[in-house]
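The block underneath contains the structure these notes are about, expressed in structure tokens.
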Amino acid sequence: CVCVCVCVCVYVCVYVCVCGVCVTFFQQQLSQFWYNEETAVALTKEVLRISQNRRIACISCPTLFAKLIQVAQLGQLECEAYLLEYDRRFETYGSSFVYYDYNDPLTLPHLITAHSFGIVVADPPFLSEECLCKVAQTITFLAQDKVILCTGAVMEDLALKLLNVRPCGFVPRHNRNLANEFLCYTNYDCTIVTEENDAS
């Protein structure tokens, strides 16, 4: 499961329990937005639907990756999945964790080769043109085919220009209410449906 408790003061104190690994920590200047349960489940179902046993890259979206690990533990995921993430606390995932700094978008280990992932899911950590441009370099390098991008609605034109992705109608939700509107973009025909999106 994924549970998050956030307490804001001078620092941000976050208690995270991901697939049985629980950590309490203080961090400063990390832009982290955790999907709620319904969004994590919906994205996981979509990734499984289109995976066709191909490698999956999750860029800066650990809550989605946690759900994929749960599926793998149930024997329902037959392909490799990797988490590309700046936060080294997720090194608890072992060889499935790849340290990733969007400021060096192509600095990746040798096992992460060009166009070696059938599906790339990305949620850039910052809502800025600079961040999206750099993450897009990583996505373009990794992706064979399918791309799912979760980011702000204000990034729509730039996302189309960089990655040829368009809003698919699904609205990602987070455990914290965010001021900015977020959308899910894909480069293929996609319909992700949840009860919450149906109701809105």
Side-chain angles (χ1 to χ4, degrees), residues 2 18-19 35 38-87 90-91 93-102 104-125 131-151 155-156 158-172 182-194 197:
V2 179
V18 180
C19 294
Y35 297 142
E38 189 170 45
T39 291
V41 168
L43 288 172
T44 298
K45 287 180 178 178
E46 176 62 13
V47 168
L48 293 176
R49 184 184 74 82
I50 64 175
S51 67
Q52 299 177 340
N53 297 328
R54 297 178 297 171
R55 293 170 100 198
I56 302 165
C58 298
I59 302 175
S60 302
C61 43
T63 41
L64 169 60
F65 185 79
K67 280 295 173 188
L68 290 173
I69 291 296
Q70 288 182 359
V71 169
Q73 291 171 343
L74 295 173
Q76 299 172 357
L77 181 66
E78 298 179 0
C79 56
E80 294 179 317
Y82 291 88
L83 174 63
L84 282 69
E85 170 62 45
Y86 183 80
D87 190 342
F90 291 101
E91 285 180 328
Y93 287 123
S95 60
S96 295
F97 173 87
V98 175
Y99 177 74
Y100 173 72
D101 183 348
Y102 81 87
D104 296 303
L106 300 181
T107 300
L108 299 166
H110 69 277
L111 76 158
I112 307 297
T113 57
H115 310 303
S116 60
F117 288 87
I119 305 163
V120 178
V121 187
D123 192 333
C131 182
L132 181 55
C133 286
K134 290 180 177 179
V135 172
Q137 289 182 51
T138 310
I139 295 171
T140 302
F141 176 77
L142 297 179
Q144 293 174 350
D145 184 15
K146 302 288 195 299
V147 172
I148 299 174
L149 175 71
C150 295
T151 191
M155 295 288 111
E156 182 174 346
L158 184 60
L160 177 62
K161 177 182 176 181
L162 296 173
L163 296 165
N164 194 32
V165 293
R166 293 173 172 80
C168 68
F170 175 65
V171 178
F182 272 68
L183 298 176
C184 180
Y185 305 82
T186 63
N187 65 346
Y188 64 96
D189 290 334
C190 164
T191 303
I192 306 175
V193 177
T194 69
N197 278 260

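Computed from a predicted structure; not experimentally measured.
Of all heavy-atom pairs spanning Pro105 and Tyr100, the tightest one is O-CE1, 4.0 Å. Residues Leu142 and Thr113 come closest through the heavy atom pair CD2-O, 4.2 Å. Across all non-hydrogen atoms, the minimal contact from Ala159 to Leu132 is N-CD2, 4.0 Å. Residues Ala122 and Val135 come closest through the heavy atom pair CB-CG1, 4.2 Å. What you find for Ile56 and Cys79 is that their closest heavy atoms are CD1-SG, 3.6 Å. Considering all non-hydrogen atoms of both residues, Asp123 and Phe182 come closest at OD1-CE2, 4.4 Å.
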**Message:** I'd like to know whether Asp101 forms a side-chain contact (heavy atoms from CB on, under 4.5 Å) with Thr107, so could you lay out the CA-CA distance, the side-chain angles of the two residues, the decisive distance to 0.1 Å, and finally the verdict.
**Reply:** CA-CA 8 Å; Asp101 183 348; Thr107 300; over 6 Å; no

**Request:** List the steps, then state whether side-chain contact (heavy atoms from CB on, under 4.5 Å) holds for Phe170 with Thr186.
**Result:** CA-CA 10 Å; Phe170 175 65; Thr186 63; over 6 Å; no

**Asked** Can you check side-chain contact (heavy atoms from CB on, under 4.5 Å) on Ile50 and Ile119, steps first, answer last?
**Response** CA-CA 8 Å; Ile50 64 175; Ile119 305 163; 3.6 Å; yes

**Message:** Does Thr44 form a side-chain contact (heavy atoms from CB on, under 4.5 Å) with Val71? I'd like the steps, not just the answer.
**Reply:** CA-CA 9 Å; Thr44 298; Val71 169; 3.9 Å; yes

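To the nearest 0.5 Å, atoms CG (Leu162) and CD (Gln137) are separated by 9.0 Å. To the nearest 0.5 Å, atoms OH (Tyr102) and SG (Cys133) are separated by 11.0 Å. Rounding to the nearest 0.5 angstrom, the gap separating the CZ atom in Phe90 from the SG atom in Cys58 is 12.0 Å. Between the CD atom in Glu91 and the CZ atom in Phe97 there is a gap of 5.0 Å [rounded to 0.5 Å]. How far CG of Leu183 is from CE of Met155: 11.5 Å, rounded to the nearest 0.5 Å. In this structure, CD1 in Ile148 is found 12.0 Å from CD1 in Ile59, a value given to the nearest 0.5 Å.
Side-chain contact between Tyr188 and Asp145 is absent, with no heavy-atom pair separated by less than 4.5 Å. Side chains of Pro125 and Cys131 form a contact here, defined as non-hydrogen atoms less than 4.5 Å apart. Between Phe117 and Gln144 the shortest side-chain heavy-atom distance does not fall below 4.5 Å. Under the 4.5 Å side-chain criterion, counting only non-hydrogen atoms from C-beta, Lys146 is in contact with Arg54. Contact of the Cys184 side chain with the Ile192 side chain is registered, since non-hydrogen atoms from C-beta on lie closer than 4.5 Å.
By the 30° and 60° cut-offs, the orientation of the rings of Phe141 relative to His115 is tilted. Between Tyr86 and Tyr99, the ring-plane angle classifies as tilted under the 30° and 60° cut-offs.
At distances below 3.5 Å, at least one donor-acceptor pair connects side-chain atoms of Glu85 with backbone N or O atoms of Asp87. Put simply, the side chain of Thr39 never gets that close to the backbone of Tyr35: no donor and acceptor are under 3.5 Å apart. In terms of modelled atom types and a separation under 3.5 Å, the side chain of Thr140 and the main chain of Ala136 share a donor-acceptor contact.
Donor-acceptor pairing under 3.5 Å is recorded for the side chains of Lys67 and Gln70.
In this structure, Arg166 fails the cation-pi test against Tyr185, since its NZ or CZ atom is not both closer than 6.0 Å to the six-membered ring centre and inside 45 degrees of the ring normal.
Atom CG of Asp189 is surrounded by 12 or fewer heavy atoms from other residues, nucleotides or ligands within 6.0 Å.
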